[in-house]
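Below is one structure, written out as C-alpha cells; comments come after it.
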2 protein chains.
Amino acid sequence: MSTVNLKQLAKELNLSVSTVSKAFKNSYDISEATRERILTRAKQLNYQPNPYAAGLRTQRSQTIAVVIPEIANNFFVQAINGIETVAQGMGYHVMIYLTHEDQSKEQAFLQHLQNGRVDAILLSLSSGKDHAQQLKELQKRDIPIVLFDRIDTQVDAIKIQTDNIESSYKATTHLIEAGCKKIAHLTLSEKLAISNDRLEGYKRALKDAGLKFKKELVVDCSLTKNNEDQIVQLLQKLRPDGLFSGFEKLALQTYQVCEKLNVNIPNDLKLISFSNLPIAELLNPGLSVVVQPAFEIGKVAAEMIFELLKIKGSNRIKTITIPSHLIKRKSTGN
Amino acid sequence: MSTVNLKQLAKELNLSVSTVSKAFKNSYDISEATRERILTRAKQLNYQPNPYAAGLRTQRSQTIAVVIPEIANNFFVQAINGIETVAQGMGYHVMIYLTHEDQSKEQAFLQHLQNGRVDAILLSLSSGKDHAQQLKELQKRDIPIVLFDRIDTQVDAIKIQTDNIESSYKATTHLIEAGCKKIAHLTLSEKLAISNDRLEGYKRALKDAGLKFKKELVVDCSLTKNNEDQIVQLLQKLRPDGLFSGFEKLALQTYQVCEKLNVNIPNDLKLISFSNLPIAELLNPGLSVVVQPAFEIGKVAAEMIFELLKIKGSNRIKTITIPSHLIKRKSTGN
DNA sequence: CTGTTAGCGCGTTCAG
DNA sequence: CTGAACGCGCTAACAG
C-alpha cells in the first residue's frame, strides 16, 4: 500500500484535500502555481492515488476481465496480447481467469465478477453444455460482456469470431484438391458454435466435391479425456487419407498418435488444422494450417468493450467476423 | 456494479448493516437463525460484496500482478498457468502486465503498482540494462516482489529460477557427444543473469570436453531487432556443426534461416534449445530440447508470494532453483 | 481559485 | 446477540 495518501500530502502543503485532488484532475480551477507545487511535492513523496478508493467513488475499476478456457493455447495467448495492448493504451488493467474448460468454474467466475471488481468481461466459452441460460442471467446486470472466438449463438451479446465455416470449407477443399478421398474431422463439443461451424464447412466442402459425408469420420473429442484413444481408433479402423482438425490441440495429439502408429505424414495421411502455433507452417512438415487472426480478434474484442463502456446502454447486438488465413504447405499439396 | 449493496440488503431484512456484514465474516456473534435468514436473502438478491470497498478497509486487494516481458512465449504461458492455479486456490486475482521487453514500460508498471492495486508482484525482467537500481527503490516499499526466471542477481529479493548453468552444460555436452566440434550459441541480453548462466554452462561444457571457446560463435541477439541476419551470418561464415540456443524464439528463427539457406537439420547442423513448445520433441525433428519446469516455477513463485503475504516482513532472501529437463532426440544423437 | 462537506460500500470497535 | 458510529482514501458538489 502506498504509504502516503491524499490527506497527508495535503497537510504537508497546507492545502485542503480537495484542492490537491483537483490538481490531479481538473487542470482548470486550480492556479498553475499551486498545481505545480502540488505535483512536485507529490512526485517527491511518490504519492500514488489509491485506485480503489477512487473507484469506489466513481464506480469504475479501470479493469477488465478475460475469462478463457485455457491459456496453454496459442490462440488465446495471442488474443490476450491483443486485448492487453488495447487495454494498456486505454489505461486499463487486465485480469485473467482460466476456467480449464470447467463450466461450473466459468459460471462461478461470471457470477463473482458481478461484484464490481471489473468494468467489463471478455469471455470465451468453455466446451460445456449450453451457456445460454446462464449468460442471460448476466445480461440483466449492467456489466458489459463481449464474447470472442468460442461464442454462443443463442445469447444476445456482442460477438467476435472468425469465419469458421468458410475457413473450414477452404481447408477441407485443400485436402480434396490434394487428392484425399476419405477425410476425417476432429472437433470439440457439439455445443460450441465454433465446433458446429467448422463441421459445417467440412460438410459443405465434401458435398460440393461430390464426396459422401460419413458420420463415423467425425470424432467429437470433448466427451472423454482420452482423445488419443479415439484418434487411434479412427486412424486404425477407418484409415482416412486426410484429416481436418478443428483445433490445434487435437492436431498435435494426432501427430503423436501417428508417430506411434507409424503413420507417415503427409504420405499416409494429409493433415490440416486450425492452429496458431508460432511458425506452424515451418515446424510441422506436411501440415497446412488455418491461422486465426487471434491478435486481431483480441484487439477488436477489447475495442468493442471500450466502446460499450462509453456508450453505456446502446447495446446493439452485432457479430463481427474476421477472416482466418489459410497457409498451404507444399508437401500436403501434392 | 452489483446493484444491491449491504445497506439495501440490511434494510430488506430490517437489520443493521453491521449485523449483516458480520453474518458473512464472524460466524459467531450472530445467531444461527438470523445468519441463515441473511444468507438466504443475500443469495436471492444475488448480493455480492464490493471487494474494493472491503479492501479499502482491510488494506488488501486480493490481487497479484504478473509483470512479464511477453506472453507469446510458452515458458511464460505455462508459468502463468501455475501462478493462476495457486492464486485461484487462494481466492486471489491475477493481473497481467506485458512489458514487451521495454524496460521503461517495466519501470512504469512497477512504479504504478505501488498504489495499492495489488498486494504483491511477480516479476520476470525485460532484457534491458541493469535493473538493480530501479528494483532497490521498490524494495523500500512494503509491497512484496518475487522474481522468477529472468532474475537479477544484484537485487535482494526472492528469486525462482531453473538450473541454467547445469542444464546448459548438459545440453552442450549432448551436442558434443553427438559429434559436434564447432558449436555455436545464441543468447539474449548480457545483462540478464539467465543469459550469462546459460553461456557459462556452454563454456564449461566446451572446456571439459577440451574444445576451445570462440567468442565469434556466440551471438547476442538482444541488441538488434533483426536477429535473422545475425544468424545467417553465423551459419554462412562460420558453418558450425552444432548450435545451442538459450531461448526458444531464437531456435525457431534458426529453423527459418536453415530452411532458407538449405541447411539440413540435423545432418548439417545439430540443434538444441531451451524450449517449452508443446510436444517440442515431437514437432521439431532433430531438435533436442531443454524443457524448463515452467508451470512449477510459476507455482512456486506464487506460493512464495503468499507466504510473504502471511509473514509480512520476514523477507529472508533466498533463491529457489528447480531443475530443467533434458529431452534427447535420437536424430540429434547420432 | 480554494475549502468544507458528504458520501462511495464495507469492516470494526464499542455500547447496549 | 444486535446496532450506531466512525473511517478506509478519494471524488464531487457546493460554498465562499
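Note that this is a predicted model, so its numbers are computed, not measured. Lettering of chains follows the sequences in order, A, B, ..., and the numbering in each one begins at 1.
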* Asked: Does A:R41 have any side-chain hydrogen bond (donor to acceptor under 3.5 Å, both in side chains) partners at least two apart in sequence or in another chain, and if so, which?
  -> A:E12, A:Q44

* Among C:dG11, C:dC8, C:dC10, find the nucleotide with the atom closest to the side chain of A:L56. => C:dC8

* To do: Starting at atom NZ of B:K22, determine the distance to atom P of C:dC14, rounded to an integer number of angstrom.
  => 12 Å

* Asked: On DNA chain D, nearest-nucleotide positions of B:T19 versus A:V17: which is more 5'?
  -> B:T19

* Asked: The side chain of B:R57 lies closest to which of these nucleotides: C:dT4, C:dT12, D:dA4?
  -> C:dT12

* For D:dG9, does OP1 or OP2 lie under 4.0 Å from any side-chain N or O of B:Q59? -> yes

* If you check every side-chain atom of A:A54, which of C:dG9, D:dC10, C:dG11 has the closest atom? -> D:dC10

* Structure fact -> Taken to the nearest whole Å, CZ/B:F24 to P/C:dG11 is 9 Å

* Overall bend - the helix from C:dC1-D:dG16 to C:dG16-D:dC1, comparing terminal axes fitted on five pairs, nearest 10 degrees -> 40°

* Any side-chain N or O of B:T34 under 4.0 Å from OP1/OP2 of D:dT2? -> yes

* Structure fact -> Side-chain contact check for B:Y47: nearest option of D:dA5, D:dA12, C:dC10 is C:dC10

* Asked: Does OP1 or OP2 of D:dG3 have a side-chain N or O of B:S18 closer than 4.0 Å?
  -> no

* Rounded interatomic separation in angstrom, taking CD from A:Q62 and C1' from D:dT11 -> 14 Å

* Does B:N50 put a side-chain nitrogen or oxygen below 4.0 Å from OP1 or OP2 of C:dG9? -> no

* Asked: Expressed in angstrom and rounded to an integer, what is the separation of B:Q8 atom CD from C:dG9 atom C1'?
  -> 10 Å

* To do: Ignoring backbone atoms, establish whether A:K7 has a side-chain N or O less than 4.0 Å from OP1 or OP2 of D:dC8.
  => yes

